[in-house]
Amino acid sequence: MEKLNVALIGQGFMGRTHSNAWGQVGKFFQTPLKPVMHTVFGQEAENPQAFAENWGWQNASTDWEAVVKSPRIGLVDVATPNFMHAPVARAAIEAGKPCACEKPVAGTLEDARVMAEGAKSAGIKTFVWFNYRRCPAVALAHRLVKDGKLGDIRHVRATYLQDWADESVPLAWRFDKKLAGSGAHGDLNAHIIDMTRFVTGEEITEIAGAIAETFIKKRKLMTGVVSGGIAEGLAGSADEGDVTVDDTVLFLARFSGGAVASFEAARQATGNQNANGFEINGTKGSIKFNFERMNELEYYDATRPRVVQGWTTIMCTNGANHPYVGNWWPDAHLIGYEHGFVNQAYDIIKVLAGEEPTVPIPDFADAYQTQRVLEASLLSAEERRPVNLDEVK
């Protein structure tokens, strides 16, 4: 079997998830290419050699440019903070390497556009880790809508609420606009924008209104590095710095098929640890998804006789009928967060081998459309007006 040498650029929280995915995918899926965890890049302070030994990478480096240019590398996987997505991706494209990149695809709309145009011009295959598409329940929701089970879509409601970013968390890169691009908006709204575009099969055409707020204006300057999770292990000094991103963004939108929508993202929604979900209402039925119950999809079939209509909870764990899970465990032996990344690694390998993915996988051009929605929402919040997506390119 032909080998695929993977280079991971970045460590931290996402580096761990990607490392697990590349290490597990060949064990659970019959991949058309054999993934090899060849090299991981990290900064000296992160100790990439220790990371490599722990996660199974054959080599470690503190020179990402050399790694990307190496003729031994067949896929560049970018898991850095957002501001570094574009430089690494552009270098990979210039080197003729397929590139997978964390979301949002870039820190700015301009960078996202350059990445998408560069990949198209060079004919390079690209991928973006919108991993929630790879939850079996979300993939099933996509199939139900595509098969017409919901009829015409009328309403979309999507939320992504977390509560980890209280006053005790210091000024990590996620709170710095130069490094992150935006706050909860780019981090969380990006996911639910992508999921609802994916499930409905429609594009967002207008932001009807938006509001953005930063509740914690200053945070203690960070000392040390993250030891786990998003901000675990970070400590703060006595000095403070300005927070330059949003804590929450809410916006209203219109879809190309006529549906109206609402989106909410927040990092200080107390009691919501990872409440990532959507409800989509159509003329024939509705669906609900909540990642905190990620193995389930709720479905309402309005075509049934009224006397028996009601919400049905589908346990999306049947290998013969639900996407991906045939490669995992028996019915109701639940999968978790990390499995979405393994499922995506499988689809990346399939595409690189010339095969179709299990469900559509976003490339840089697709993720650029999500970035346009993010930008239009911030513009709407800043100028307090509706913004047509045609204005944002």
Side-chain angles (χ1 to χ4, degrees), residues 103 128-161 188-204 253 255-264 274-304 309-328 331-332 334-337 339-344 346-347 356-362 366-367 369-370 373:
K103 46 57 58 184
V128 180
W129 290 88
F130 281 112
N131 56 288
Y132 295 117
R133 288 193 187 194
R134 264 65 204 165
C135 293
V138 177
L140 176 61
H142 165 80
R143 182 193 298 171
L144 292 175
V145 173
K146 187 176 181 181
D147 290 346
K149 298 297 185 182
L150 269 61
D152 296 329
I153 305 300
R154 296 288 193 243
H155 308 100
V156 176
R157 285 176 290 279
T159 60
Y160 201 151
L161 309 178
L188 306 181
N189 268 331
H191 272 303
I192 54 179
I193 292 167
D194 177 78
M195 275 200 296
T196 54
R197 289 180 55 236
F198 166 63
V199 172
T200 64
E202 299 180 9
E203 294 295 342
I204 293 172
F255 276 83
S256 54
V260 295
S262 64
F263 293 81
E264 296 180 51
N274 202 43
N276 169 16
F278 56 78
E279 178 176 341
I280 299 174
N281 307 131
T283 54
K284 295 182 179 180
S286 297
I287 49 178
K288 294 179 185 179
F289 172 75
N290 177 5
F291 183 71
E292 291 184 350
R293 302 180 68 89
M294 67 165 286
N295 290 274
E296 300 175 0
L297 181 69
E298 293 186 74
Y299 171 52
Y300 191 103
D301 184 357
T303 67
R304 300 186 69 193
Q309 286 182 21
W311 286 98
T312 298
T313 299
I314 304 169
M315 180 68 73
C316 300
T317 59
N318 180 266
N321 292 287
H322 299 133
Y324 301 108
V325 293
N327 291 279
W328 293 106
D331 290 7
L334 307 182
I335 64 171
Y337 172 71
H339 294 84
F341 289 87
V342 182
N343 294 342
Q344 174 143 346
Y346 172 57
D347 277 337
E356 290 295 317
T358 308
V359 295
I361 189 168
D366 188 324
Q369 301 309 318
T370 289
V373 177

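Everything numeric here is computed off the predicted structure, so don't read it as measured data.
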Next on the checklist: Which label fits Tyr160 and Tyr132: parallel for a plane angle under 30°, tilted from 30 to 60°, or perpendicular past 60°?
Outcome noted: perpendicular
Checklist entry - When the ring planes of Phe130 and His191 are compared, do they come out parallel, tilted or perpendicular, using 30° and 60° as the limits? => result perpendicular
Inter-residue atom distance [X].[atom1] - [Y].[atom2], 0.5 Å rounding:
X: Leu188; Y: Ile193; atom1: CG; atom2: CD1; result: 10.5 Å
X: Ile280; Y: Lys288; atom1: CD1; atom2: NZ; result: 12.5 Å
X: Leu144; Y: Lys284; atom1: CG; atom2: NZ; result: 13.0 Å
X: Phe291; Y: Asn131; atom1: CZ; atom2: CG; result: 7.0 Å
X: Cys316; Y: Asp331; atom1: SG; atom2: CG; result: 11.0 Å
X: Ile153; Y: Ile287; atom1: CD1; atom2: CD1; result: 7.0 Å

Main-chain N/O of [Y] paired with [X] side-chain donor or acceptor, under 3.5 Å:
X: Thr159; Y: Leu161; answer: no
X: Thr283; Y: Asp152; answer: yes
X: Glu202; Y: Gly257; answer: yes
X: Asn290; Y: Glu292; answer: yes
X: Gln309; Y: Ala302; answer: yes

Checklist entry - Taking NZ, NE, NH1 and NH2 as the nitrogens, is one of them in Lys103 or Asp194 under 4.0 Å from a carboxylate oxygen of the other? => result no
Item to check | side chain to side chain contact (heavy atoms under 4.5 Å, CB included) between Thr196 and Phe263, worked out | outcome: CA-CA 10 Å; Thr196 54; Phe263 293 81; 3.5 Å; yes
Checklist entry - More than 12 heavy atoms of other residues, nucleotides or ligands under 6.0 Å from CZ of Arg143: is that the case? => result yes
[X] side chain near [Y] side chain, heavy-atom distance below 4.5 Å:
X: Ile314; Y: His322; result: yes
X: Met294; Y: Val138; result: no
X: His142; Y: Pro323; result: no
X: Trp328; Y: Val342; result: yes
X: Ile361; Y: Arg134; result: yes
X: Phe198; Y: Thr370; result: no

Next on the checklist: Under the criterion side chain to side chain contact (heavy atoms under 4.5 Å, CB included), I'd like the reasoning laid out for Asp366 against Val128: C-alpha separation, chi angles, the key distance, then a yes or no.
Outcome noted: CA-CA 9 Å; Asp366 188 324; Val128 180; over 6 Å; no
Checklist entry - Taking Pro136 as the fixed residue, which of Val359, Thr358, Asn295, Ile335 is the one that meets the side chain to side chain contact (heavy atoms under 4.5 Å, CB included) rule? => result Ile335
Next on the checklist: Please enumerate all residues that pass side chain to side chain contact (heavy atoms under 4.5 Å, CB included) together with Gln369, with sequence neighbours excluded.
Outcome noted: Arg197, Glu203, Arg372
Next on the checklist: One pair to check against side chain to side chain contact (heavy atoms under 4.5 Å, CB included): Tyr324 and Asp347. What are the steps and the verdict?
Outcome noted: CA-CA 10 Å; Tyr324 301 108; Asp347 277 337; 2.5 Å; yes
Checklist entry - Closest heavy-atom contact between Arg133 and Pro362? => result NH1-CD, 3.5 Å
Checklist entry - What's the verdict on side chain to side chain contact (heavy atoms under 4.5 Å, CB included) for Asp301 and Thr312, showing C-alpha distance, side-chain angles and the deciding distance? => result CA-CA 8 Å; Asp301 184 357; Thr312 298; over 6 Å; no
Item to check | Verdict with supporting geometry, Asn281 and Arg157, side-chain hydrogen bond (donor to acceptor under 3.5 Å, both in side chains) | outcome: CA-CA 9 Å; Asn281 307 131; Arg157 285 176 290 279; 2.4 Å; yes
